[in-house]
Amino acid sequence: MRKLSWFFLIQILLISTTVLAQKSAIYTYDLKDFDKALALYNDKQYTSAQLIFEHIKNNATTEEVQSDCAYYIANCAIRTNQSNADALMEKFVNDYPTSTKQNQAYKEVAQFFFEQGNYPKALLWFDKVDESYMSKSDLDKYNFQKGYAYFNAKNKKEATTYFNKVVNSAEYGSQAKYYLGFMAYEGDDYKEATKYFDEVSGEEKYKEKLSYYQADMNFKLGNFQKAIDLGQKAMAKSNELEKSELNKIIGESYFNLKQYDKAIPFLEQYAGKKGKWNNTDFYQLGYAYYEQKNDEKAISQFNKIIEGKDFVAQNAYYHLGLSYLNTGKKQEALNAFKNASEMEFNVQIQEDAALNYAKLSYEIGNAYQNVPAVLLDFLKKYPNNSSRSEVEKLLVDSYISSKNYKEALVLLEKNKTPQNKLAYQKVLFYRGVELYNEQNYTEASKMFRNAVSEQKSPEFTARATFWKAETEYLAEDFQNALLSYKQFAGLASAKTTDEYKNINYNIGYTYFKLKEYDPAATSFQAQIDVNKDDKVRLNDSYLRLGDCRFVSAKYGPAMEAYSKAIDAKGVDADYAQFQKAMSYGFMSKNDKKIEELNNFLQKYKKSEYRDDALYELANTYSTEKKNDQAIKTYDQLITEYKNGLFTSKSILKQGLIYYNSDKDEQALVKFKKVAADFPKTPEALEAVSTARLIYVDSGKVDEYATWVRTLDFVAVTDAELDNDTYEGAFKQYSQNNSKLAITGFSGYVSKFPKGIHALEANFYLAQLLYTEGSESKTVANYQYVIGQPRNEFTEQALTRLSQIFLKDKDCDKAVPILTRLENESDFPQNKTFAQANLMKCYYDKKDYGNSVEYAEKVLQNPKGDVNVKSDAQIIVARAAMQTGEEEKAKAAYAKLSSTSKGELAAEALYYDAYFKTKEGKFDASNVAVQKLAKNYSGYKYYGAKGLVLMAKNFYGLKDSYQATYILDNVINNFTDYPDVVEEAKRELNAIKAEEAKTNSSITK
């Protein structure tokens, strides 16, 4: 048994030895490769190491070897940034939960990512680490790195927790204190920051940064001198960004110490945040310049402050206003003070800015508000201001100097104090003149009457009396006009006024209109005697003096007056010569009359009285039995004026000459021509009547009847009824029984639409209806009249019809009527009326070519009314702007500016500024806009457009503040003019987009 046992043991031993030998061989092989892989891993040859670890893991038979290999494989994957590295590490943890390397794995991966600077990934792995299995040294490193990762992630709370765990660490304590100090610095806890920074200040590696932070902290703590010292110390060792910030710290510290001369060079070197300054930066440098009396440089900084709505901005705008005043830029100062006065951050600055704004408004005008309103607002808001009495005086003066009489009147009527009585009378007078120039004579008359009743200034009482007379004259109230003119002439103060020098002329015309020719002549003679310098009125006075004598049958004195007008060679010299010839006729000196008329025809080839002269000459030849010369002269008249007023009359006269000379056949030719070419006219009726006598005398009644039946205006059977009906209506007309006359003429036109008297009946009916205000009912009647051959009513009908269409603003209907009136009128004033209104109609129809053509006709008329010529000049200018002919527009507006008043003057002045802006003459343009604001503040539209121009000018002058402030005000205050507001918005957006490139305070 014992032998068996030993044998058995030996067998077991042999077997065991064999097994152990085999196992040892396998382990030896694995460990050898494992050590080789580990060596490669430690040598950072992660890819090679990973391949071997994977081979070992795949062939290993023990979990321990497989676990270690999986650990290193995941580590290699992480260190070579493989995409599945995280998954491999997670797999290692899940597959081998009992591995001793699990915590180590988390720590090493976290530290690897930390060293790579990938702090978010590092934090993910740090959070997996179990701190309880770590050594003291590993734990310090772990706490510092995790704290720094949180610091990098801006999680100051967690960072502070972990830094505090190593604040006493020999290896990591200084770094932890530095970062704890930095976080306190960033959180404005300067006491805590200073404590930590002081603890590490002796270490060389922190000295550079600490000087910068300590300079900033001392600045923020108000220790400005210490901030300056530390900042200058840190400057040499700082980078460019830090140098910029240090310049700001040092400059602002000097600024706060009021050492502005020292602050300037440092503030100038500041580069801004991301290359941009904010409003405070601009303010500080600007104020430093201001304190050094360098106003131009102060302005260059202050005016970059755009959209400011805080204490800094109010202060800046106030001092910007003062700087502008110091350099004589009053318009710019006005805007700056206005802005500062609208902010309430500093009430003292606000009040002083408001005072300066009010004074400047009075001095240079104000395009935003009328000046009286600005001054009243100031007095209301600051009743106890020390300058109150001064502002009250400016208020009274401003009512007149602003020329905004309409709004000034409203304000004065609300403040009727004894002190304002004189200003009130002046404003009433000037408002009256303004309305008079706008042709609103009814309202103007009210103003003048009220001004007369105030009786505060003898001068303005006299002038208002004169202009009251002018409105009465234009209203054809000649009796009252005469009374008012005489009242004016009798006032002692009248003799000192400009109006007085022509008072005799005005009185003369009023008597003339009243048909009181002898006193009219006396007044015109008085005008001639006392005022020979006014050549236009002198010439006209001679003409009217001649007319007065002529009408009074005092032909000798009349010719004397006409001769004076002829010798002057002025306007209407042709009329004077014609009237002189007519005077010889009334004196029964037909030979002299014929001589004068022939002289007239030789001298005045294009006179508007030429047809009158030819007709009178022919008639005079006829009277003197010089029939051949009469016939020849009538032929000349007919040839030159085929559709003239005297054409039908001349042919009839020729017929009568032949008839009276027993040349019946020649007479019938003329009579039939009148009847055929001018039917229904009085001349046609007389021609038919005289022709009847010839036919009857020659016994050719049948021929007469046959011929008459061809004439639609002669109804032989209804002739008596026709005549009776017409005569009945005409009788009522002649007796001024308008209603009965209208009934009568309406009945005649209805019963005899082609009757003998259809022409006269239609005309008289139209005139009566027009007078009673039924203008629309007259159109058909006037159209009937103008539809007939030229007759004595044609011109009046054309005039009335055009007036009706113009009143209805129907230019399509008015244009053909006006065109005929222009071509067919014998009265020059009707031709002028036609041309002026054709000009306006074509402009309204956007037919700029024809509009300008007629405008130029108006301008070339030496007798044209000044107001109509102003209208023509504005048409030329506006049309040129519409067609892009800006040079032509510029010339037209320049002419207009010297003659126009009111709104036209405002428009001309605006375009003066407009063209200067286009030429880059920004300062000159601004002067024009200021003049517009001061003298024409009542015309808000052009004031608003002028402000947009001014904004463009200021931006051209590199003054961004003025440009944006003005545009903001236009947008907010002129909403009644959407086209102007839209333009202002476009300009403002463009400027802000540009300025936002350098100013961080601007929102696009």
Side-chain angles (χ1 to χ4, degrees), residues 331 334-335 338 361 364-374 401-411 430-431 433-435 437-440 443 809 840 843-844 846 848 867 870-882 886 889-890 892-894 896-897 899-918 925-954 963 965-988:
Q331 177 61 51
L334 181 142
N335 288 330
K338 181 177 187 295
S361 296
I364 67 171
N366 188 314
Y368 307 112
Q369 299 170 267
N370 70 71
V371 175
V374 174
S401 63
S402 69
K403 296 185 180 179
N404 189 355
Y405 306 118
K406 183 178 180 181
E407 292 186 37
L409 201 57
V410 172
L411 291 169
Y430 285 120
R431 177 60 179 154
V433 173
E434 198 170 57
L435 289 164
N437 290 329
E438 293 170 2
Q439 300 179 20
N440 188 345
E443 290 301 315
K809 301 187 184 303
K840 293 175 182 177
Y843 184 81
D844 290 342
K846 299 184 179 179
Y848 301 121
N867 291 327
S870 288
D871 289 343
Q873 202 70 63
I874 202 70
I875 291 288
V876 172
R878 289 174 180 171
M881 287 299 294
Q882 292 290 341
E886 291 203 348
K890 181 180 176 183
Y893 276 120
L896 185 70
S897 64
T899 59
S900 59
K901 297 178 181 179
E903 187 171 8
L904 291 184
E907 182 177 348
L909 193 53
Y910 165 76
Y911 277 103
D912 178 47
Y914 169 85
F915 290 118
K916 284 182 170 70
T917 297
K918 289 205 75 173
S925 178
N926 275 345
V927 170
V929 176
Q930 287 168 355
K931 185 177 178 183
L932 178 63
K934 184 171 177 62
N935 296 336
Y936 302 97
S937 59
Y939 304 102
K940 295 294 186 184
Y941 178 71
Y942 288 107
K945 286 176 72 68
L947 285 172
V948 175
L949 276 185
M950 182 175 275
K952 292 180 181 179
N953 294 334
F954 278 126
Y965 181 71
I966 291 170
L967 291 170
D968 268 328
N969 272 275
V970 171
I971 293 165
N972 294 327
N973 297 324
F974 293 94
T975 52
D976 289 343
Y977 311 115
D979 59 321
V980 182
V981 170
E982 282 305 309
E983 184 183 4
K985 285 179 178 178
R986 288 195 300 272
E987 289 295 325
L988 184 60

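This structure is a prediction, so every number in the text was calculated from the model and none was measured.
- Exactly one residue among Asn972, Leu947, Val374 makes a side-chain contact (heavy atoms from CB on, under 4.5 Å) with Tyr368. That residue is Leu947.
- The minimum heavy-atom distance between Thr917 and Ser925, with the atom names listed, is OG1-OG, 2.7 Å.
- In this structure, Phe974 and Ala367 approach most closely via the heavy-atom pair CZ-O, 3.3 Å.
- Note that the CG atom of Asn926 and the CG atom of Leu949 stand 9.0 Å from one another [nearest 0.5 Å].
- Minimum heavy-atom separation, Ala984 to Ile971: CB-CG1, 3.8 Å.
- Using bins of under 30°, 30° to 60° and over 60° for the plane-to-plane angle, the ring pair Tyr942/Tyr910 lands in the tilted bin.
- Shown here are the salt bridge (Lys or Arg N to Asp or Glu O under 4.0 Å) partners of Lys945, two or more places apart in sequence or in another chain: there are none.
- The line from CD of Gln331 to CG of Asn335 is 5.0 Å long, rounded to the nearest 0.5 Å.
- Closest approach of Ala963 to Ala951, counting heavy atoms only: CB-O, 3.4 Å.
- Salt-bridge annotation for Lys916 and Asp912: present, with a side-chain N of the basic residue lying under 4.0 Å from a carboxylate O of the acidic one.
- Side-chain N/O atoms of Asn969 and Lys338 include a donor and acceptor closer than 3.5 Å.
- Taking every heavy atom of both residues into account, Val929 and Met950 meet most closely at CG1-CE, 3.7 Å.
- Summarising the geometry, atom CG belonging to Asp844 is positioned 8.0 Å from atom NZ belonging to Lys809; distances are rounded to the nearest 0.5 Å.
- Here the straight-line distance linking atom CD of Gln882 with atom NZ of Lys846 works out to 7.0 Å at 0.5 Å rounding.
- Using the six-membered ring where Trp is involved, Tyr911 and Tyr893 have ring planes that are parallel, under 30° apart on the 30 and 60° scheme.
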Side chain to side chain contact (heavy atoms under 4.5 Å, CB included) between Arg878 and Met881, worked out: CA-CA 5 Å; Arg878 289 174 180 171; Met881 287 299 294; 5.6 Å; no

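- A salt bridge links Glu434 and Arg431; the closest N-O separation between the charged side-chain nitrogens and carboxylate oxygens is under 4.0 Å.
- Qualifying side-chain hydrogen bond (donor to acceptor under 3.5 Å, both in side chains) partners for Glu886, counting only residues two or more places apart in sequence or in other chains: Tyr914, Lys918.
- Remark: Glu903 CD to Ile874 CD1 distance equals 9.0 Å, nearest 0.5 Å.
- Closest approach of Val970 to Ala944, counting heavy atoms only: CG2-O, 4.3 Å.
- The NZ atom of Lys931 sits 6.5 Å away from the OH atom of Tyr936 when rounded to the nearest 0.5 Å.
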